Amino acid sequence: MNTTSAATAGAVTFLWLGMVLAISFLEAPLKFRAPGVTISIGLGIGRMVFRALNLVESVLAAVVVAAVAVGGSPAGVVVLTVVTAVLLAVQLGAVRPRLNRRSDRVLAGEDLPRSHGHVYYVAFEIAKVIALTVLGISLLAR
């Protein structure tokens, strides 16, 4: 893999990883513990923050995919890149829309039973963190 592509993909991968860790595992759980933050306020803030995060993640994923594609990357790096991109795509295409529909109903005043939707989202976040970490380390080795 050429040095410029490896450096670019590695830097962007670790930037992406840092954003996911900061938002998903720090900001998201803490916001609901802040004084005066209701479920409605927390959901409203969370939707805005995650919409922005997911947009930035999509751009960062595109940069990593492009750098890996043009860099003459070894098969292992290509597979890790594809796995990470697929995890993001499934999250955005399948899990997030379900969470949005549910939060629409909660914000409209419906009293709903607990949902397992967030568990799936967190599972994908954990898998994505692992994939990003392994991908980033693999790119550092280039």
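Worth saying up front: this structure is predicted, and the values here are computed from it rather than measured.
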ring-ring contact (aromatic ring centres under 6.0 Å, His included) contacts in which one or both residues fall within [range], not counting sequence neighbours:
range: residues 97-119; value: none
range: residues 71-113; value: none
range: residues 29-64; value: Phe50-Tyr121
range: residues 51-89; value: none

Atom CZ of Arg51 and atom CZ of Arg96: how far apart are they, to the nearest 0.5 Å?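 Here the interatomic distance stands at 6.5 Å.
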
Output the distance between atom CE (Met19) and atom CG (Leu17), rounded to the nearest 0.5 Å.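 Separation between the atoms: 11.5 Å.
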
Which residues pass the side chain to side chain contact (heavy atoms under 4.5 Å, CB included) test with [X], not counting sequence neighbours?
X: Val82; value: Val78, Val86
X: Asp104; value: Arg47
X: Thr3; value: none
X: Leu80; value: Val134, Leu135, Ser138

Shortest non-hydrogen contact from [X] toward [Y]:
X: Ser5; Y: Val70; result: OG-CG2, 3.8 Å
X: Ala9; Y: Ala67; result: CB-CB, 3.9 Å
X: Pro74; Y: Met1; result: CD-CB, 4.0 Å
X: Ala61; Y: Leu88; result: CB-CD2, 3.9 Å
X: Phe25; Y: Ile126; result: CZ-CG1, 3.9 Å
X: Leu139; Y: Gly10; result: CD1-N, 3.6 Å

Quick check: is [Y] connected to [X] through a chain of hydrophobic side chains (ILVMFWY, heavy atoms under 4.5 Å apart)?
X: Leu55; Y: Val65; result: no
X: Val79; Y: Leu132; result: yes
X: Val106; Y: Val37; result: no
X: Leu43; Y: Ile23; result: no
X: Val56; Y: Val12; result: yes

Within residues 66-83 or reaching into it, pairs that qualify as side-chain hydrogen bond (donor to acceptor under 3.5 Å, both in side chains) - sequence neighbours excluded: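 Found none.
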
Not counting sequence neighbours, list each pair that qualifies as a side-chain hydrogen bond (donor to acceptor under 3.5 Å, both in side chains) and has a residue in residues 9-19.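 Of all non-adjacent pairs touching residues 9-19, those that pass side-chain hydrogen bond (donor to acceptor under 3.5 Å, both in side chains) are Trp16-Glu57.
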
Does any non-hydrogen side-chain atom of Leu26 lie less than 4.5 Å from one of Leu21?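 Side chain of Leu21 against side chain of Leu26, heavy atoms only: no contact under 4.5 Å found.
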
Residue pair Val64 / Thr84, side-chain heavy-atom distance below 4.5 Å: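 Not touching, per the 4.5 Å side-chain cut-off.
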
With Arg105 via salt bridge (Lys or Arg N to Asp or Glu O under 4.0 Å) - residues at least two apart: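 Salt bridge (Lys or Arg N to Asp or Glu O under 4.0 Å) check on Arg105 returns Glu110.
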
Pairs in or reaching into residues 26-41: which pass salt bridge (Lys or Arg N to Asp or Glu O under 4.0 Å), with residues at least two apart or in two chains?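 Passing the test, one end in residues 26-41: Glu27-Lys31.
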
